[in-house]
There are 2 protein chains.
Amino acid sequence: MNSKNIKLIDQKMLLETQKILSLLKNPVRLQILHILSQKSLRVSDIVELLNLDQSLISHHLSELRKYQLVSAKRDGKSIYYELDDPHILDIVNETLEHANHVLHGKKHDE
Amino acid sequence: MNSKNIKLIDQKMLLETQKILSLLKNPVRLQILHILSQKSLRVSDIVELLNLDQSLISHHLSELRKYQLVSAKRDGKSIYYELDDPHILDIVNETLEHANHVLHGKKHDE
DNA sequence: AGTTCATATTAACTTCCTTTCATATGAATA
DNA sequence: TATTCATATGAAAGGAAGTTAATATGAACT
């Protein structure tokens, strides 16, 4: 601890936390996670829903795969993605709720 | 909605969410929030606890202030900072818990 | 009023992230 | 086995975020 009895977040936790939040921070990845929380879909479906370059979507899916937030499996010609870590949704939802509060609910000091 | 009955996160929510997560993603800011959740402190206290440049801490405090996550008040020569949005801690804690799971608990597929 | 002390600010530099474009891969079908 | 179709990858470019160093600010005490 330290002279003021204040607890710091330890290095490993900090790194892991950073990793998660960096992944979630990106709006494309957030949408992808939100989409996949509703239904497993093909890459081309996601491309269509978000109306973005296939290449961009693939890059982001690859990031999400790398950290095991989603997983892929082939079916025929397409590859389907699904959420691989439902727990992550807790954070997403908590944050969306917060955003909603700030936007509508009302700021704490108003 | 759309042809697949999938809900997307709307633009405003996305922006707000991004803002929050960007703020939380930074390890220095995370530590600061975690510290201030335990006790209101002077800038110099935070500098000492984290052992980082005073300038750097001030920069980050200014960011946090800008988004009203913390507030400042003078007392004598020093300026004390305190959490201004305890709700944000829900997200921080949710994320720390998640990090903890990943690190110790155990990944979902192991 | 002048000095000191704590904090804030500006500017420059560096590093990291995102996006795009071009191309590769590789399973599926002909 | 040659071709096609869906997805993945590499490299480059542009922009955003983090850090540092130097300096400014301004309240508090003399």
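Just so it is clear: chains get the letters A, B, ... in the order the sequence lines come, proteins before strands, and each one is counted from 1. Nothing here was measured: the structure is a model prediction, and the numbers come from that model.
A/Leu56 has its CG atom 14 Å from the C1' atom of D/dT9, to the nearest Å. In this structure, B/Leu24 atom CG and D/dA17 atom P are separated by 14 Å, rounded to whole Å. Separating the NE2 atom of A/His60 from the P atom of D/dA8 is a distance of 13 Å, rounded to the nearest angstrom. What separates CG of A/Leu64 from C1' of C/dT18 is a distance of 14 Å, to the nearest Å. Distance CZ (B/Arg74) to C1' (D/dC29): 12 Å, rounded to an integer number of Å. If you take CG of A/Asp45 and C1' of D/dT7, they are 13 Å apart, rounded to a whole angstrom. The CD atom of A/Gln18 sits 15 Å away from the P atom of D/dA17 (whole-angstrom rounding). Rounded to an integer number of Å, the gap from CG of A/Asp75 to P of C/dT29 is 10 Å.
Distance from the side chain of B/Arg42 is smallest to C/dT7 among C/dT18, D/dT20, C/dT7. For B/Asp53, whose side chain is taken as the heavy atoms from C-beta onward, the closest listed nucleotide among C/dT19, D/dA8, D/dA21 is D/dA21. Of the candidates C/dT7, D/dA8, C/dT20, D/dA8 carries the atom nearest the A/Ile79 side chain, counting heavy atoms from C-beta on. Side-chain atoms of B/Ser58 lie closest to C/dT7 of the nucleotides D/dA27, D/dA8, C/dT7.
The phosphate of C/dT18 (OP1 or OP2) has a side-chain N or O of A/Asn26 nearer than 4.0 angstrom. One finds a side-chain N or O of B/Arg29 lying less than 4.0 angstrom from the OP1 or OP2 phosphate oxygen of D/dG18.
At least one donor-acceptor pair under 3.5 Å links the side chain of A/Gln38 to the backbone N or O of A/His34. Counting only distance, with no hydrogens or angles, the side chain of A/Asp53 and the backbone of A/Ser55 share no donor-acceptor pair below 3.5 Å. In this structure, B/Arg29 contributes its side chain and B/Gln31 its backbone to no donor-acceptor pair below 3.5 Å.
Within 4.0 Å (heavy atoms only), B/Tyr81 reaches sugar-phosphate atoms of the nucleic acid but no base atom. Heavy atoms of B/His59 sit under 4.0 angstrom from at least one base atom.
Between the side chain of A/Ser22 and the base of C/dC17 there is no donor-acceptor pair of N/O atoms closer than 3.5 Å. A/Gln54 contributes no side-chain N or O that forms a donor-acceptor pair with the base of D/dA6 under 3.5 Å. Checked by distance alone, A/Ser55 brings a side-chain donor or acceptor within 3.5 Å of a matching partner on the base of D/dT9.
With B/Tyr81 as the partner, the side-chain hydrogen bond (donor to acceptor under 3.5 Å, both in side chains) test is satisfied by one option alone out of B/Arg42, B/Arg65, B/Lys73: B/Arg65.
With no hydrogens or angles considered, no side-chain donor-acceptor pair links B/Ser44 and B/Glu48 at under 3.5 Å.
In this structure, A/Lys25 and A/Ser78 both approach DNA chain D, and ranking their closest nucleotides by distance from the 5' end singles out A/Ser78. Looking at which nucleotide of DNA chain C each of A/Lys77 and B/Val43 is closest to, the 5′-most match is held by B/Val43. Mapping B/Arg65 and A/Gly76 onto DNA chain C by nearest heavy atom places B/Arg65 closer to the 5' end of the strand.
Comment: A/Lys39 does not engage A/Glu82 in a salt bridge, judged by the lack of any side-chain N to carboxylate O separation of less than 4.0 angstrom.
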